[in-house]
Amino acid sequence: MNSRVTGSFIVLGLFVFLAGVFYLETFIPLARWSDAVGGSRPFTMLGDGWFDVAIWWFKFIALIVINLPIIALIIVGFRSLPLGLKAIVARQSMISTPYAWLLVFFLVPFGIVLKISFSDIALAIPPYVPTLKDGLWTMLSGLDLENYAFIGAGAVFASFAVIVISAIMFQIIYPRVRKALIPDARYGVFDSAAAALTTLAVALVNVALIVAALALLFPVLRAFVDIPDFLYFAAYLSSLKIALISTFFTLLIGYPIAYAMARAAEHWRPTLLMLVILPFWTSFLIRVYAWIGILSTEGYLNQFLLGIGVIGEPLTILNTNIAVYIGIVYTYLPFMVLPIYAALERMDDSLVEAAEDLGCSTFSAFWLITAPLSKPGVIAGCFLVFIPTLGEFVIPSLLGGSNSIMIGKVLWEEFFNNRDWPVASSVAVILLLILIIPIVLFQRNQQNEREMDG
Amino acid sequence: MAQPNPNVIFAPWDDPAQKPLIQFKNVTKRFGDFTAIDNLTLDIYAQEFFALLGPSGCGKTTLMRMLGGFETPTEGQIFLDGVDIVPVPPNERPVNMMFQSYALFPHLTVWENIAFGLKRSDMPKDQIGDRVEKMLKLTQLGKFAKRKPHQISGGQRQRVALARSLAKAPKLLLLDEPLGALDKKLRNETQFELMDIQESTGTTFVIVTHDQEEAMTVASRVAVMVDGQLAQVATPDQIYEAPRTTYVADFIGDVNLIAGKSSPVDGGMDVHWDDNQPAIHVTTDSPLSARTACHFAIRPEKVSISAEKPDAVNVMKGKIIDIAYLGNISTYHVEIAAGVIFKAQATNNRRLSRRTYTWEDEVYLSWTDTAGVVLTE
Amino acid sequence: MRRFSWFNATSLTFGFAFLYLPMLILIIYSFNESRLVTVWAGFSTQWYGELFQNEAFLDAAWVTIKVAFWSSTLATILGTMAAYIMVRAGRFRGRGLFSGMIYAPLVMPEVITGLSLLLFFIAIDVNRGILTIVLAHTTFAMCYVSVVVTSRLVTFDKSLEEAALDLGCTPFDAFRSVTLPIIMPAVVSGWLLAFTLSLDDLVIATFTSGPSSTTLPIKIFSAVRLGVTPEINALSTIMILIVTVGVITASLISRGATIKAKADERKAEQG
């Protein structure tokens, strides 16, 4: 083995070490000791005073020195391994580093949210009971569904069930019934729409019956049926409504832009693409902020409209849902334009020419050829706007004011203003549940597209 | 072919005293349910130019990748110089490979690409430069040393890949479709260059190709593979003249195949293929027993075509239904019985306008009693 | 040649006007003399001066840059590893869970990520500060990095790695001397993406920051809630300009590289 390999391992070791150093900081005694020196703020590692900085660097170097023998041991030990084992160890450590990171900082935290969502609010630190300090069994038996009943999760579950059941019926049962009844008739959009409505109605009735039966049989579940606080359910519905409407408008504005970009001369396209991507790199917050000045009562838009005499008195746009729609369309527009542009750009020009050669008008060529071929891009774009919009917080709180209610905002207020961690946690869980359906559909769309590509 | 000494016939495979360089012993490779290599045993000798030939999916690339160390056999052993190399990782094998895509490192210059392997060997630094220069000279790449792979042409890239894989002077060089990306003319030139380089370095070459012409041109022995098994391993002339199975006969070059039943006669055998037609006579030392199902195979260039009935052992009358004019030669498709088409080739030593027969003409096909072979598989 | 109609020209004009006018107005009014942001009272750069006097903003900016630097660096290392595993490691135990965890943060609402990390840090009793923001940002940014690097790795010719092994590299050496240099552009853009995401993040930072570690977005957010101020306009202008210059430079460099590569190829074909 040559010295390069050893060198590489030392570099790798240092990198892993650098990653670990912040974490170690929390646990090892050295850090505690330095807290005492550094004062009351334990994590001002890159603090402001020169003294803090010096302390930090001291800790940092000390940590490296302390760990050098360990790193050396690991390297020597690794190099002395037999060939096959070496490959296995290298592979396993490569896999386990990001794996462990995600387990610790993604899965475990979410588990904690889940656990707290079953706890009760309390005047304590942390502000909920029971905790692990009460003993494992007490903690487990102290968990209940109270928060979920409080935030109207029953209704969400029921709607969820309705959607899933009707989707299953429409996808699996309806085609068979259709085939059995009228084997070789042709079906249009209207048949499918009628079938979809029917399945939805059937599912709705069924779920309602099941819910009623369950509530009758198990009085405990009755809390889920009558929604104690309508605020939460209204928040889910209003989030859905806002997300749907703004996705629609984003598509309406984004499609012509993407289409025009794909039609533009070849040497123009990279520039146009850059112009669409540029806002994506600029701060989200600033882009939302820019609209406050425009939409407010004395804002630029009202000044302009009053100036040219279109309106007599200023419009109230800021702090309404309209402002939220504008904000969402504006900030998420690149997410809609890019996938549609990608789909249109990939399309062969000669397809449209062939359609026109075969007698289509420009419009019907677009409708019959271009539109269907850009469908995967349109679907991807819609999901890319719809999914993050559902949990949006910044836009409704800056542009919507107190008038617009969205789940993300409710969660935030529940946590920071009401200090009700258990309810905030259960809202988070429900939000995730609502997101599952669009995410699964999105994944399927992406998968289909990949398969079509080859 | 590529012999070290033209006076001595290079045929270590016929010499039982020779020890093979590579031995596959009952090697099987499965990918899930799919068997890529099926219980294969094969010896390859030092300084051979060995070609693995077969259609795509026949397992030839898998076989080569097992030599390179990129696949491990599911069962069986592979020996290199008597050492089992199955557990040895690719970077520790005295084997180098030239990849189908060339796999030139795009971020390194031609010089650095060739030096890449040497820098990772125990060669002293000052000798690396000399070795790289030698390789550049061998492949005539001297003036491209400072260029990156995307700054040179396809043919030059191919030579860089060759130089890189030869730089470490491996015991064995593997070439995966080395000429596949070149156009036909360049390919023909490069084939001879490859043979020269193989001869001058004395390295054992194993080449994978689906192009039978290429395999026949460069190789000292050819292995025809089908469905993970070896259909035949022999010198190119043996493969062409004496294929062992109808598959090999059909895969290598053009062939007329006729199914029939055998009957031994004096000095050979007859193949009866149609009750209304004369049997085909074949001279052979080992005739098949009576009424064995068999195929008679004959190459089109060994079939003569004439307007008058010739005096020959095997003569068939038929009608020309198609003529493929290829410039130097023409191939005639002659229907000798309902639905049975025979191909015959003739050199166009006269001008086209003076040809004596054309479409729809009745002609006679003839061949000698040793021109074809009888196959049972 | 594609037909470019008046309809296309109109939609491009209106589309880009919609995208850029708000930012343009912001930039123009950052040079407004008056504190009343909606009334133009003449050109002035005084708000820039005041911005650079405002220590709270400068501190927050410094914290943000530190957080962004460390988290994007960590996220790049972890995300590249994750991408390499997803593309190259084949089957291993828990692969399904791993790919789920890699993609989930991309679609997870920020409020949930922020909340869960905050509750986690409280549960393990870590004081909140720069460290916790770095950990949180690393976690979600590494997923974006891994997506960027994965898309480069899947088009990466695997035989390049095999060639390196064949020429005597150990697997690690092959990664370091062949794979890494070739995927470097993707790794760098992953780093830039992670850096931008971290600079930009408000929600997760609010959840995971402590009292002594306010980042710039948190500062802007609390200022903006009270309405438009000329200092924020000035700050926004600076941020927009930095990003614009960065993106244009990057795209010019990459376009230059593409043009050069094409010219090289033409030259190579001609010999």
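Chain letters run A, B, ... following the sequence lines, proteins first and then strands; every chain starts at 1.
- Neither the backbone nor the side chain of Pro171(C) comes within contact range of chain A; no heavy atom of the residue lies under 4.5 Å from a heavy atom of that chain.
- For Leu272(A), the parts lying near chain C are the backbone and the side chain together; criterion is any non-hydrogen pair under 4.5 Å.
- Once rounded to the nearest 0.5 Å, the distance linking CZ of Phe110(A) with CE of Met101(C) reads 13.5 Å.
- For chain C, the nearby part of Phe280(A) is the side chain; its heavy atoms alone come within less than 4.5 Å.
- Considering every non-hydrogen atom in both Leu102(A) and Phe98(C), the closest pair reads CD1-CE1, 4.1 Å.
- Listed for the Arg91(A) side chain is a donor-acceptor partner under 3.5 Å among the backbone atoms of Ala89(C).
- Here Ile286(A) contributes atom CD1 and Leu235(C) contributes atom CG; the two are 6.0 Å apart, rounded to the nearest 0.5 Å.
- Smallest separation of non-hydrogen atoms from Thr229(C) and Tyr289(A): O-OH, 3.2 Å.
- Listed here is the closest heavy atom pair of Pro98(A) and Met142(C): CB-CE, 3.9 Å.
- The shortest non-hydrogen separation linking Ile439(A) to Val107(C) is CD1-CG2, 3.5 Å.
- A distance-only check finds a donor-acceptor pair linking the side chain of Tyr330(A) to the backbone of Leu19(C) [under 3.5 Å].
- Here the shortest heavy-atom pairing between Gly391(A) and Pro109(C) reads CA-CB, 4.0 Å.
- Ring-plane geometry between Tyr99(A) and Phe92(C) is classed as perpendicular, the angle between the planes exceeding 60 degrees on a 0 to 90 degree scale with a lower cut at 30.
- For chain A, the nearby part of Thr196(C) is the side chain; its heavy atoms alone come within less than 4.5 Å.
- Of the inter-residue distances, the one linking Phe106(A) atom CZ with Phe120(C) atom CZ reads 13.0 Å to the nearest 0.5 angstrom.
- For Ala290(A) against Leu26(C), the heavy-atom pair with the smallest separation is CA-CD1, 4.1 Å.
- Ring geometry, Trp412(A) versus Phe221(C): the interplanar angle exceeds 60°, so the pair is classed perpendicular (tilted spans 30 to 60°).
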Could you go through residues 202-210 of chain C and list every donor-acceptor pair under 3.5 Å that involves a side-chain atom there, pairing it with any protein atom two or more places apart or in another chain?
| residue | atom | partner | partner atom | Å |
| --- | --- | --- | --- | --- |
| Thr206(C) | OG1 | Leu202(C) | O | 2.6 |
| Thr208(C) | OG1 | Ile204(C) | O | 2.8 |
| Ser209(C) | OG | Ala205(C) | O | 3.0 |

